[in-house]
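Reviewing the structure listed below.
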Amino acid sequence: MSLFTRSRQLSDTTESGAEPDDDTGTAEPQDGGTGTAEPQDGTATDAPESATRAQRTPSAPPPATKPGWFGWRRRYPRTARGVSVGTTVLAGALVLFALLVPNRIERIEFASFVRIPAEGVLLAGLLLALPPKPRRITAVVTGLFLGLLTVLKFVDMGFYQILARPFDLVLDWILIENGTDFLRETFGRTGQVLAVTGVIVLFVALLVLTTLAVVRLTNLMVRHRPVAGRTVLILGTAWITCMTLGVQIGTVPVATKGNAEFLGNRVDQVRAGLADARVFEKQASVDAFAKTPPDQLLTGLRGKDVLFTFIESYGRVAIDDPAMAQQTDAVLKEGTGRLKAAGFESRSGWLQSPVTGAGSWLAHSTFLSGLWIKNQQRYRSLTTSDRMTLTKYFGKTGAWRTVGVVPGVRRAWPEGKYFGLDHIYDSEHLGYHGPYFSWTPVPDQFSMEAFERLEHGKKDREPIMAEIILASSHNPWSPIAHMIDWNDLGDGSVFHRIKKEGTNPTEVWKDPEKVRAEYRKAIEYSIRSLTEWVERYGDDDTVLVFLGDHQPVPTVTAGDTGKDVPVTIVAHDKKVLDRVADWGWTDGLKPAENAPRWGMDKFRDRFMTAYGPQG
């Protein structure tokens, strides 16, 4: 066989779509690498004289090449072969991981990775069936898509750990900015930069690696088409059999179509998100008190100071969880007793928050607006509308000065105007000169003392309606402040020493039990700050409504996805509590397990009805 004939055959083979034998993409010659075919019988062929002369004529030397990894493959063939096999195995493991990894951390177990993914079987069959060029394009697109799918699963893991729900592809992008702000405020600028950089590197790496892995496995299947075809057929048959018979490993089905279901749920979520704006607009147009004259609003509270106070992350878990119940119960009983000794009575029940883990502003706006504000799109629609809130109705009467104490706000808050508050005190206007406690800018006890100094304690003032958002029980609950003598608060400098005595969040978050313990202490501190303030500064005209905004993160709730939060009304005037006697709430600061449970969006109208002319 002549050199020309051999080259022509190799060219024909390449054009027909045959894949190279090795990772370099170059077909190895079958004659030992000389590039010419030797006669099989060991005798010389009868070649034309011109061809003989051509062979004797010196030709230009071939270009100096180093086949495979700069010649390393040729020098160390066994090692190179091992590396090639290992790389292929890693590529297969990565693709299998991407196909099978759940989108929730608690579902990751060994059985999750020994399943048969329907999508993988179908994809392998499709790649084997396609011609070369469409196959290469499909492999690249599939690798990129698989990388994006894996990134979305990782994002879901984070959202389930914080918010106990998956990431919303339509409505949750704004929360990414909030998350980076939280990192900066908790771990500093350096921690924020490192975390964001790590996420970006992981994102790019996943896209690149999954694409390369799918392309490599595709080439391998094509080079061994018969074996690959039989394997796909066997796996497809096994998938159908396991699906039909319901074969499981523990509680995990062997046959899965999880990615298809995952994407289907995402499509439904996107559709619902796009349609939600129309649904919300219709709901917001209904307001039972929109046409009520100002002099007929909240008549049962005229002359009273009414404080609506949110305790960050004060959820039902703080009361019901066996690991916290005893200590929290003792604090609530102590508070109930001290308030009663000061002449105050209290009633408590449950509200269901629209969020869990985070998203306090959604809970606040739900409580005040009487609408179910479950996502950022609804929040934006609400705060750009003319919907009346509970705070606005107090202001509409002209009988109260309305103020906000929001120590968690550290920058411009244009939405504050929407809530109809005459004046807002943020973290920069409370007179605090102490340290931050991780995310928390101002300890709760100081916030309440500042409210007394700036508003409640003034002489010859008009009645006050205040929205107070306490922040000490905000994640990460380390370090936290503790109660000190109210006379020692000063300008807050005393908290420098208290912070040094506290715990390190990096150490605390290594152990979920330590996290839960610090959370409980933070809730106890917030409750004591409130009850001691009422005991110290409350009078016959004080009415306090305090509640949690949402449950804490799943690390604290131990996976419980319930959204209940306690709500309590405290008053010195017995007539105030008589108006809610038919609510069936529990006496004291602790709601009974079977106390009434309402959606947080129901509170506004029930409260305004109870304290209206017909209450």
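Side chains are part of it too, since the values below use all heavy atoms of this structure and drop only hydrogens, waters and symmetry mates. On a predicted model such as this, the values are computed, not experimentally measured, just so you know.
Inter-residue side-chain proximity for Arg387 and Leu371 is flagged as met; some heavy-atom pair is nearer than 4.5 Å. Side-chain atoms of Arg223 and Asn219, non-hydrogen and from C-beta on, do get closer than 4.5 Å to each other. Under the 4.5 Å side-chain criterion, counting only non-hydrogen atoms from C-beta, Phe113 is not in contact with Leu96. A heavy-atom distance below 4.5 Å is not found between the side chains of Phe145 and Thr210. By the 4.5 Å heavy-atom criterion applied to side chains, Gln352 and Met600 are not counted as neighbours. Under the 4.5 Å side-chain criterion, counting only non-hydrogen atoms from C-beta, Tyr314 is not in contact with Ser473. Side chains of Val355 and Asp549 form no contact here, defined as non-hydrogen atoms less than 4.5 Å apart. Between Val215 and Arg136 the shortest side-chain heavy-atom distance does not fall below 4.5 Å.
Inspection of the Gln376 and Trp173 side chains reveals no N or O donor paired with an N or O acceptor under 3.5 Å. For Ser360 and His550, the side-chain atoms include at least one donor-acceptor pair closer than 3.5 Å. Defined by atom type and a distance below 3.5 Å, a donor-acceptor pair is present between the side-chain atoms of Lys153 and Asn259. Inspection of the Thr87 and Arg216 side chains reveals no N or O donor paired with an N or O acceptor under 3.5 Å. In this structure, a donor-acceptor pair under 3.5 Å is present between the side chains of Thr503 and Ser478.
Phe154 CZ to Met157 CE: the interatomic distance, rounded to the nearest 0.5 Å, is 5.5 Å. Separation of atoms NE2 (His364) and OH (Tyr379) is listed at 9.5 Å; rounding is to 0.5 Å. From Leu169, atom CG reaches atom CG of Leu152 across 5.5 Å, with rounding to the nearest 0.5 Å. Once rounded to the nearest 0.5 Å, the distance linking CG of Leu90 with CG of Leu209 reads 10.0 Å. The structure places CG of Leu123 at 4.5 Å from OG1 of Thr142, a figure rounded to the nearest 0.5 Å. Interatomic distance, OG of Ser112 versus CD of Glu109, reported as 4.5 Å (0.5 Å rounding).
Of the possible polar contacts, one joining the Thr211 side chain to the Leu144 backbone as a donor-acceptor pair under 3.5 Å is found. Of the possible polar contacts, none joining the Ser84 side chain to the Arg81 backbone as a donor-acceptor pair under 3.5 Å is found. Using a distance-only test at 3.5 Å, with no hydrogens or angles considered, a donor-acceptor pair links the side chain of Trp509 to the main chain of Pro476. A donor-acceptor pair is defined here as one N or O able to donate and one able to accept, closer than 3.5 Å; such a pair exists between the side chain of Ser427 and the backbone of Val409. Formation of a donor-acceptor pair under 3.5 Å by the Arg115 side chain with backbone atoms of Leu100 is found in this model. Remark: the backbone N or O of Ile469 is not paired with any side-chain donor or acceptor of Glu312 at under 3.5 angstrom. Remark: side-chain polar atoms of Tyr519 are paired, donor with acceptor, to backbone N or O of Ser313 under 3.5 angstrom. For Trp239 (side chain) and Pro117 (main-chain N/O), no donor-acceptor pair under 3.5 Å exists by modelled atom type. A donor-acceptor pair under 3.5 Å is absent between the side-chain atoms of Gln377 and the main chain of Asp276, judged by distance alone.
Counting heavy atoms of neighbouring residues, nucleotides and ligands inside a 6.0 Å radius, atom CG of Asp386 does not exceed 12 of them. Within a 6.0 Å sphere centred on CD of Glu281, heavy atoms belonging to other residues, nucleotides or ligands number 12 at most.
The two residues Glu507 and Lys514 come nearest to each other via the heavy atoms O-CD, 4.5 Å. In terms of heavy atoms, Thr366 sits closest to Ile373 at OG1-N, 3.0 Å. In this structure, Val515 and Val508 approach most closely via the heavy-atom pair CG2-O, 3.5 Å. Closest of all the heavy-atom pairs between Leu130 and Arg135 is O-NH1, 2.9 Å. Here the shortest heavy-atom pairing between Cys242 and Val254 reads SG-CG1, 3.9 Å. Summarising the geometry of Ala238 relative to Ile116, their closest heavy-atom pair is CB-CD1, 3.9 Å, with the distance given to 0.1 Å.
Between Asp321 and Arg516 a salt bridge is recorded (basic side-chain N to carboxylate O distance below 4.0 Å). With respect to Lys374 and Asp601, no salt bridge is recorded, no charged nitrogen being found less than 4.0 Å from a carboxylate O.
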Inset, instruction - Report the C-alpha separation of Asp156 and Arg266 in whole Å, then their side-chain angles, then the decisive distance to 0.1 Å, and conclude whether the salt bridge (Lys or Arg N to Asp or Glu O under 4.0 Å) test is met. - result: CA-CA 11 Å; Asp156 272 2; Arg266 277 306 195 275; 2.4 Å; yes
Inset, instruction - For Asp564 and Leu351, run side chain to side chain contact (heavy atoms under 4.5 Å, CB included): C-alpha distance rounded to whole Å, both residues' side-chain angles, the deciding distance at 0.1 Å, then the answer. - result: CA-CA 6 Å; Asp564 289 357; Leu351 297 179; over 6 Å; no
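With Phe280 as the aromatic partner, Arg378 does not meet the cation-pi criteria of under 6.0 angstrom to the ring centre and within 45 degrees of the ring axis.
If you look at Phe367 and Phe310, their ring centroids are closer than 6.0 Å.
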